[in-house]
Amino acid sequence: MPEKTRFLIALATLFLLLGSEADAGLLGKLLRETGDAAGSAGKHVDGVAKHLDEGTSIARKLPKSADSAALALVPAKEGTWQLVTPEGKSLAVPSLEDLPKSLDEAAQARSRPLAGDKMPSGPQKPAKVQVALREADFFKLRDELNGLPKGVAPVLVRRNGSFQPLKPVVIGTRRRLAVELGPNVLIDPATQNALDGNIKFLSRTVNRADLKLARFDSAAAQSVNPAETFVNLNADLLESSLARFKNRTVAVSGQIRPNPETGRRLLVVRDGKKLRQIDLLNFMAAAERQRVDLMIVESTSPVQPGKSWFSKSALEKRFAKMQSAMTQADLLAAVSPPGTTTLIHAADERNYRLVTATSHIRRTAPNSPAAGVSDDTSLAGWLLDAGTRIGVRSVRSDHEDPDHTDEVASRWLPWISNVSLILSGVTCAFALFMGWYLWRWWNGLWRRFLGQSGGNDSLSPVLFIVKVLTFVPFALVSAIPALIWLLVSDWMKFLSWPFRKVFGRP
């Protein structure tokens with residue numbers, strides 16, 4: 001047999017062997033997957049790979065305990081959901097109505113059964129099941145997962161990897177999951193941005209110098225000392241009064257009533273010996289312009305703090321004592337009625353501002369001992385007397401996004417952001433370079449038409465002015481072609497550099 005023929009036969013045999021191995025591997029894989037699906041009785045399925053991996057990672061990071069199971073609820077194929085264990089096993093959830101049953105199955109499972117495997121005997125159901133929800137999925141499911149069985153603890157996994165407990169609450173006529181920020185403080189965010197911004201703001205410590213308990217006393221407002229805790233505001237000069245408290249929290253109290261003619265909300269306060277009606281939206285707009293975090297305590301009384309509402313010396317002592325642990329969330333809880341859970345309704349961001357309003361869910365009966373004066377000694381009792389706090393209806397807060405606050409504080413120039421400043425500097429430098437480059441072109445054209453007398457030194461003042469004035473339209477027309485020419489010529493120089501180096505050309 002000729003050498004060439006033997007070579008072709010050997011090559012064909014090699015390709016057939018390689019193809020056989022590939023087909024065998026593919027067939028084996030299909031058989032294994034088919035057996036896996038058959039062994040799971042249609043219940044255990046693999047979801048989208050990235051969701052399965054993400055769910056496994058999330059479930060592993062949940063707090064571990066002997067009597068607790070950790071699961072993650074993540075999307076699966078075609079709009080369905082799946083429960084994922086820390087070991088990477090998944091359990092398909094046919095519908096959210098079947099979630100309690102699926103949770104019970106997943107919590108008791110010890111391993112994922114494959115074809116021919118035996119189910120483990122006598123699995124023990126853990127006392128608590130933690131179910132992790134991704135931040136994006138929380139906004140899809142918070143109204144549907146409000147009736148989880150007892151012993152199931154839903155947990156929010158935020159984009160930064162931190163965990164926040166979730167609790168069901170009744171809001172109006174509906175029941176939904178809210179995010180727990182601390183003891184008896186929950187937040188119901190409108191959007192993901194509202195959640196991120198408010199959690200960051202409410203976690204910040206309240207410094208004594210940054211909290212002002214304000215009262216409207218227009219006659220005494222001129223002699224205000226910004227360093228004091230109790231300050232006076234002028235109802236006729238709101239913007240000027242608030243300008244002294246930039247980047248600070250100003251808390252005011254009063255009644256909120258609708259204007260009978262326009263329907264706009266009014267803040268009714270005691271100003272000296274008379275009642276004043278202040279347009280609430282104008283008040284909040286003035287605080288926004290002056291970058292003041294405004295907290296409005298809506299109460300049943302127009303009386304201002306520091307008079308009959310507050311015991312000034314006692315308040316200052318309480319504040320000094322609680323200073324080390326007081327956050328913005330604690331401050332909201334402090335002006336809530338005793339025996340209640342504070343629910344913060346967080347609106348979306350507007351002009352770098354975060355707007356919230358609280359409602360209060362009673363934890364104890366109004367006449368129980370826990371709702372009496374003894375509650376005033378708790379963490380939430382340092383700001384208002386217990387009897388007065390029972391009259392608090394809600395707390396409205398209009399505060400600056402903390403990211404914007406940090407960005408403004410880090411600015412090199414107070415009136416312009418660092419990013420804008422850098423971009424402006426780069427743009428100006430590029431414009432100067434292009435102007436210089438185009439001026440060389442324009443100068444060359446003048447020399448071509450006028451000879452040596454076309455230079456700047458040879459031109460008369462009138463002709464030089466004409467040259468400068470005609471350069472402007474020339475630069476506008478030639479800017480794009482000049483930029484393209486620069487890019488092309490530079491790339492050609494870069495690509496031809498090795499050849500020029502070899503042949504000794506510049």
Side-chain angles (χ1 to χ4, degrees), residues 206 211-222 224 226 228-245 248-290 292-312 315 319 328 331-338 340 342 344-345 347 353 355-360 380-399:
V206 180
L211 175 64
K212 303 300 172 185
L213 306 179
R215 55 206 172 188
F216 283 91
D217 193 340
S218 301
Q222 300 300 325
V224 65
E228 293 182 356
T229 301
F230 292 87
V231 296
N232 298 317
L233 298 178
N234 190 331
D236 300 316
L237 301 171
L238 280 178
E239 200 121 3
S240 300
S241 299
L242 291 172
R244 307 178 187 187
F245 310 113
R248 296 175 180 174
T249 300
V250 174
V252 299
S253 61
Q255 291 179 311
I256 295 180
R257 304 174 186 170
N259 188 319
E261 298 179 359
T262 63
R264 290 171 66 92
R265 290 173 299 172
L266 302 174
L267 177 66
V268 182
V269 296
R270 177 74 66 181
D271 187 353
K273 296 183 178 180
K274 59 182 180 180
L275 286 178
R276 298 292 295 266
Q277 295 182 342
I278 300 168
D279 188 283
L280 196 59
L281 292 180
N282 290 342
F283 191 18
M284 295 170 70
E288 178 180 330
R289 288 190 293 270
Q290 297 303 324
V292 172
D293 294 334
L294 182 63
M295 178 183 290
I296 300 174
V297 181
E298 180 186 2
S299 71
T300 56
S301 171
V303 178
Q304 295 295 283
K307 298 182 180 178
S308 60
W309 262 47
F310 291 84
S311 169
K312 186 174 180 180
L315 280 173
F319 185 78
Q328 293 286 353
L331 181 59
L332 281 178
V335 292
S336 299
T340 61
T342 302
I344 303 168
H345 306 274
R353 304 287 289 190
V355 181
T356 64
T358 67
S359 60
H360 306 116
W382 70 274
L383 188 57
L384 294 173
D385 293 333
T388 306
R389 287 171 56 214
I390 293 174
V392 174
R393 293 178 177 174
S394 71
V395 180
R396 302 168 190 266
S397 179
D398 180 10
H399 50 268

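Just so it is clear, the structure is predicted and the values come from calculations on it, not from any experiment.
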*Step-by-step side chain to side chain donor-acceptor pair (under 3.5 Å) determination, H399 to T249*: CA-CA 8 Å; H399 50 268; T249 300; over 6 Å; no

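- Within the model, atoms CG of L281 and CG of L267 stand 11.5 Å from one another, a figure rounded to the nearest 0.5 Å.
- For the pair S394 (side chain) and A357 (backbone), a donor-acceptor distance under 3.5 Å is absent.
- Under the 3.5 Å distance criterion, the side-chain polar atoms of T358 are matched with a main-chain donor or acceptor of V395.
- Put simply, NZ on K212 and CE on M295 are 14.5 Å apart, with the number rounded to the nearest 0.5 Å.
- Applying the side chain to side chain contact (heavy atoms under 4.5 Å, CB included) rule to R289 yields the partners E239, A285, A286; only residues at least two apart in sequence or on another chain are considered.
- Put simply, the side chain of L233 reaches to within 4.5 Å of the side chain of V252, judged on heavy atoms.
- Side-chain atoms of S253 do not come within 3.5 Å of backbone N or O of V297 as any donor-acceptor pair.
- Contacts of R257 classified as salt bridge (Lys or Arg N to Asp or Glu O under 4.0 Å), with partners at least two apart in sequence or in another chain: none.
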*Under the side-chain contact (heavy atoms from CB on, under 4.5 Å) criterion, do N282 and R264 qualify, and how do the steps go?*
CA-CA 10 Å; N282 290 342; R264 290 171 66 92; 3.7 Å; yes

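- Residues S218 and R276 are in side-chain contact: their nearest non-hydrogen atoms beyond the backbone lie under 4.5 Å apart.
- A 4.5 Å side-chain heavy-atom check between L238 and F216 finds at least one atom pair inside the cut-off.
- Taking CG of D279 as the start and OG1 of T262 as the end, the distance is 7.0 Å to the nearest 0.5 Å.
- Side-chain contact, S241 with N234: no donor N or O sits under 3.5 Å from an acceptor N or O.
- By the 4.5 Å heavy-atom criterion applied to side chains, H360 and T342 are counted as neighbours.
- Applying the salt bridge (Lys or Arg N to Asp or Glu O under 4.0 Å) test to R353 and every residue at least two apart in sequence or in another chain returns D398.
- With rounding to the nearest 0.5 Å, the separation of CZ in R265 from CD in E298 is 9.0 Å.
- Separating the CD1 atom in I256 from the CD1 atom in I278 is a distance of 11.0 Å, to the nearest 0.5 Å.
- Closest non-hydrogen pair, L242 versus A287, comes out as CD1-N, 3.8 Å.
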*For R270 and L275, what are the C-alpha separation, side-chain angles and deciding distance, and is it a side-chain contact (heavy atoms from CB on, under 4.5 Å)?*
CA-CA 5 Å; R270 177 74 66 181; L275 286 178; 4.0 Å; yes

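- With contacts defined as side-chain heavy-atom distances shorter than 4.5 Å, the pair R244/V250 does not qualify.
- The distance from atom CG of D293 to atom CG of L211, rounded to the nearest 0.5 Å, is 10.5 Å.
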